[in-house]
Amino acid sequence: MLDKTFDSAAIETGVYDRWEASGAFSPERALAKDPHAAPFSMVIPPPNVTGSLHIGHALNNTLQDVLIRFERMRGKAALWVVGTDHAGIATQMMVEQQLAAAGNMGRRDLGRDAFVAKVWEWKAASGGTIVRQLRRLGASCDWSRERFTLDEGLSEAVRKVFVALHKQKLIYRDKRLVNWDPRFQTAISDLEVDQREVEGHFWHFAYPLEDGSGEIIVATTRPETMLGDTAVAVHPSDERYKHLIGKCVRLPIVGRPIPIIADEQADPEKGSGAVKITPAHDFNDFRVGQRHRLPMINILDPFARLNDEVPPAYRGLDRFVARKKVVEAIEALGLLRGIETIRHSVPHGERSGVVVEPYLTDQWYVDAKVLAQPAIRAVEEGKTILEPRNWEKTYFEWMRNIEPWCISRQLWWGHRIPAWFGPDGRIFVEETEGEARAAALEHYGRDEPLRQDEDVLDTWFSSGLWPFSTLGWPHETDDLKRFYPTDTLVTGFDIIFYWVARMMMLGLHFTGQVPFRRVVFNALVRDAEGVKMSKTKGNVLDPLELIDDYGCDAVRFTLTAMSGQARDIRLSRQRIEGYRNFGTKLWNAARFCEVNDCRRAPGFDPAGVQHTLNRWIRGEAVKAVAEMTEALAACAFSDAAGTVYRFIWNVFCDWYVELAKPILNGDDAAAATETRATAAWTLQICLKLLHPISPYITETLWAEFGEPAEGMLITAPWPRLRDAWIDAAAEAEVDWLIALIDAVRSIRAETNVPQPAKAPLVLVGAEAATRERLARHGALIERMARLSGIELADAAPAGAVQFVIGEATGALVIADIIDVAAERTRLAKEIAVLGADADRTAKKLANADFVARAPEEVVDENRDRLAEAQSAKAKLENALERLAVLV
RNA sequence: GGACGCGUAGCUCAGCGGGAGAGCACCUCGUUGACAUCGAGGGGGUCGCUGGUUCGAUCCCAGCCGCGUCCACCA
């Protein structure tokens, strides 16, 4: 017996464990049943191991779970690979903070091995948070295949890929400017740099010419970099400076003579037209420096403090302290020529939040340009489809202009780069130290000490291998053969470059196949005001808290329903509440079935139902299943949610159940029996259709209303109904019934007939077919429309309120209650509307161009519309006349 | 500077060539045996603006206005 009230918390407990114990999450189950079951595979965007489930994860994983549950029910060998990402910087930072907070030794004091051990300790103790939370969300991923980007198998894949790319010269070492994060003292990739608008200043400095013949003015937003200037550039065709090219200025403070050079980099339109060149600390200046073979003076240490390349007074100063001091010194020298306050964008480390510095170091790079070509082609050729399709343009744009990818990080937590340096700096890149030694021995002819590269790889390097490394690559495993390429990747568009593009490049290069056939980008979740949720803003909605408050099913349904093609979702508690009510509605519909003994009838065949109502709902079910199947197959999640919502609430509950009541309580035992079985059958369809989105309530109800032979709902077969079960006659009849009941209800409310009062209905001008329908459903109509009886007549009785239903006119006899003036107004309004419609349509049909050019069915449709409007108008006009007679 | 997206009912959004829909909110009525986390009914929109294409434009095209995001650049 179902509880009277629906309590999500009560039904959610235990269900997940039963699913997991049943083996439903693994594809082996489907394969045992059918060894030829088509595979369907997906890999989870691995959440950071440090993470906890935020609303974005909730959305992303709900959608994946909807898909995998749907495909599983469709009988596919459905595999959803799960796992976590070691998240280099994020994790290292978190453990460092915890060490500091606990008053422990810092990372550097601890030393590398001890620190990394601490991180593993932390991972073992607390790394499982997000994984537990995924279970809470109902995610039906295959835990037996859970992976971690730093586990042994994935590490093997990483080493293999690195070494192979190195041997193919697609990974190389280079000394060039990188984005340096002074907080973490590591290089970061271009993608990890955020441009942030800040208040700043634009300082104009005069650099005196060495021969004392004058000065040249340059401008900068970073005055401290002048200590590393090695030239001043002017545009070659700039007449103002032509005579100075080749001369030198004496760099203030430093006293170093530096040349005035001609380079296109200098823009005559900007500032003075002359620009200071600091090759070691500016990306543009670096290129100028290369062109002119200028000295590159690195003036910073890894903490962005000034180093020994600058005058003693500045050494060891923080860059911002030095900045102030340089300005003061320039001013004291009388060389400050102006200060402007400006807003400009300054590069910040996205994780550290500090200003990053262009910094000259040796780093490892991937030649992304080469790897990008097949990845571009695969999308051009449709081997991988990005949805919504307009993301393909963004993808192409980035891929076609891709820059070398800096993959080394000066961190400790991550995949250590498999490169060993010999005493002379020669590098041996091999998968193991043993192989590196062997290579070194061969090269040197004797055993020389080797030192492994201290750096680790960018986290995205290992996540880039995720779709195939998790399936066992580089080994030719059964999983790899069966499940690669994966089918669909559901992810956020914010990581299209970081992750999707890299998986495309690495996947294609190492497997020769695309990593996934379809990428579906889900929206970004924002708060009700459209602001991106963030902890600092305090506008986060915690999905776990929402699950506690409204139930997992409601949260999942809300996220699914709101995940349209739009770029962002504005989530509010109110919205979730609405969908929580939807669950309650289904619960109560099931209770109705229970109370009315609508239980599955063994051997029931929907093909054989006789009663109009049952033939009708059978057809509605066919349509709902078709729509739902199409929507889910196309990842049109919000359409799917809308379809099942309407079918359950507006079709099944609002009409089928209501219309079934008189039958269930009526005298026709055969009809009642058939209706019980049909109701139970329809409820099963409802449960199946809703299950991918709201798995808990449906699984719970399935325990009572499901087919025992089909087992748990999670693995029950998706409904396959016959189109032939759509019965046009039944559809027309029930549509008519609904229209009639709607019309009566509407009139009653508009004319303020008290809710409990009953009135007789007179139908005028009903044709034979309508009379038959009336005979069949009279009792039902009386109940639903609260009528005291239905009669057929040639004319409406005086004082009745009239309305049009098909070819007939309905007359509600409520003379004792009627407000004649109000009724006249009502009729006049209706007539006016119909008249306007008729006029417009008539005008259209009078247009020769329209009749000649519009498709025939549109013209016919308008003719019908005109006829109907005219006929209805005439009937109401007649009613209005009779009303006048009455008065 | 380049790219993408969005402006439709009070709010959030769907529709994307043939007289605009949903949910929530609002108003009225209702404790009939699934459900007041409900039921019945209702009000509310020159579909951002201006042109163009078309027999016909919320829908297609162009321009403009407003909002958002990403990329690049800013000595």
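Quick note on labels: first sequence line is chain A, next is B, and so on, each numbered from 1. Excluded from the calculations below are hydrogen atoms, water molecules and symmetry mates; all remaining heavy atoms, backbone and side chain alike, are included.
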Is any NZ, NE, NH1 or NH2 atom of the basic residue among [X] and [Y] found under 4.0 Å from an Asp or Glu carboxylate oxygen of the other?
X: Asp285(A); Y: Arg287(A); answer: no
X: Glu868(A); Y: Arg865(A); answer: no
X: Glu658(A); Y: Lys661(A); answer: yes

Using modelled atom types only, decide if a donor and an acceptor are shared between the side chain of [X] and the backbone of [Y] within a distance under 3.5 Å.
X: Thr220(A); Y: Arg222(A); value: yes
X: Asp282(A); Y: Thr278(A); value: no
X: His348(A); Y: Val346(A); value: yes

Can you check nucleotides 18-22 of chain B for protein contacts, nitrogen or oxygen pairs under 3.5 Å, and list what you find?
from   : atom 1 : to        : atom 2 : distance (Å)
G19(B) : N7     : Arg840(A) : NE     : 3.3
G19(B) : N7     : Arg840(A) : NH1    : 2.2
G19(B) : N2     : Lys844(A) : NZ     : 3.0

Just to verify, what does Arg591(A) make a salt bridge (Lys or Arg N to Asp or Glu O under 4.0 Å) with, not counting sequence neighbours?
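None.
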What is the separation between atom [atom1] on [X] and atom [atom2] on [N], rounded to the nearest whole Å?
X: Lys393(A); N: C71(B); atom1: NZ; atom2: P; result: 17 Å
X: Lys585(A); N: G23(B); atom1: NZ; atom2: P; result: 13 Å
X: Phe493(A); N: C71(B); atom1: CZ; atom2: P; result: 11 Å
X: Phe202(A); N: C73(B); atom1: CZ; atom2: P; result: 17 Å
X: Asp3(A); N: C35(B); atom1: CG; atom2: P; result: 14 Å
X: Asn581(A); N: G23(B); atom1: CG; atom2: C1'; result: 11 Å
X: Glu627(A); N: A14(B); atom1: CD; atom2: P; result: 18 Å
X: Tyr579(A); N: A25(B); atom1: OH; atom2: P; result: 12 Å

Take atom [atom1] in [N] and the same atom in [M], then report the distance between them in whole Å.
N: U32(B); M: C24(B); atom1: C1'; answer: 28 Å
N: C59(B); M: A20(B); atom1: C1'; answer: 11 Å
N: G45(B); M: A40(B); atom1: C1'; answer: 25 Å
N: G23(B); M: U8(B); atom1: C1'; answer: 15 Å
N: G18(B); M: C60(B); atom1: C1'; answer: 15 Å
N: C13(B); M: U54(B); atom1: C1'; answer: 29 Å
N: G15(B); M: G7(B); atom1: C1'; answer: 15 Å
N: U12(B); M: C71(B); atom1: C1'; answer: 30 Å

[N] - base-pair partner by Watson-Crick or wobble geometry, distances under 3.5 Å:
N: G30(B); result: C38(B)
N: A62(B); result: U50(B)
N: G10(B); result: C24(B)
N: G19(B); result: none
N: C67(B); result: G5(B)
N: G44(B); result: none
N: A57(B); result: none

Quick check: on RNA chain B, is the nucleotide nearest Arg287(A) upstream (toward 5') of the one nearest Val595(A), or the reverse? Name the residue that is more 5'.
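Residue closer to the 5' terminus by nearest nucleotide: Val595(A).
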Let me spell it out: for each of Gly578(A) and Asn847(A), pick the nucleotide of RNA chain B with the closest heavy atom. Which residue's pick is nearer the 5' end?
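Residue closer to the 5' terminus by nearest nucleotide: Gly578(A).
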When you measure from the side chain of [X], which nucleotide among [options] comes out closest?
X: Phe497(A); options: A25(B), G41(B), C70(B); answer: C70(B)
X: Thr584(A); options: A25(B), A34(B), U37(B); answer: U37(B)
X: Arg745(A); options: A40(B), A34(B), G5(B); answer: A40(B)
X: Asp654(A); options: G5(B), A34(B), G39(B); answer: G39(B)

Residue pair His292(A) / Asp263(A), side-chain donor-acceptor N/O under 3.5 Å
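Asp263(A) and His292(A) do have a side-chain donor-acceptor pair below 3.5 Å.
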Taking only N and O in the side chain of Trp649(A), is any of them less than 4.0 Å away from OP1 or OP2 of G39(B)?
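So the side chain of Trp649(A) is within the cut-off, an N or O lying under 4.0 Å from OP1 or OP2 of G39(B).
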Would a 4.5 Å heavy-atom cut-off, applied to side chains only, mark Phe521(A) and Glu387(A) as touching?
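Result no, sub-4.5 Å side-chain heavy-atom pair not found.
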Classify the side chain of Glu658(A) and the base of A34(B) as holding, or not holding, a donor-acceptor pair under 3.5 Å.
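Yes, the side chain and the base share a sub-3.5 Å donor-acceptor pair.
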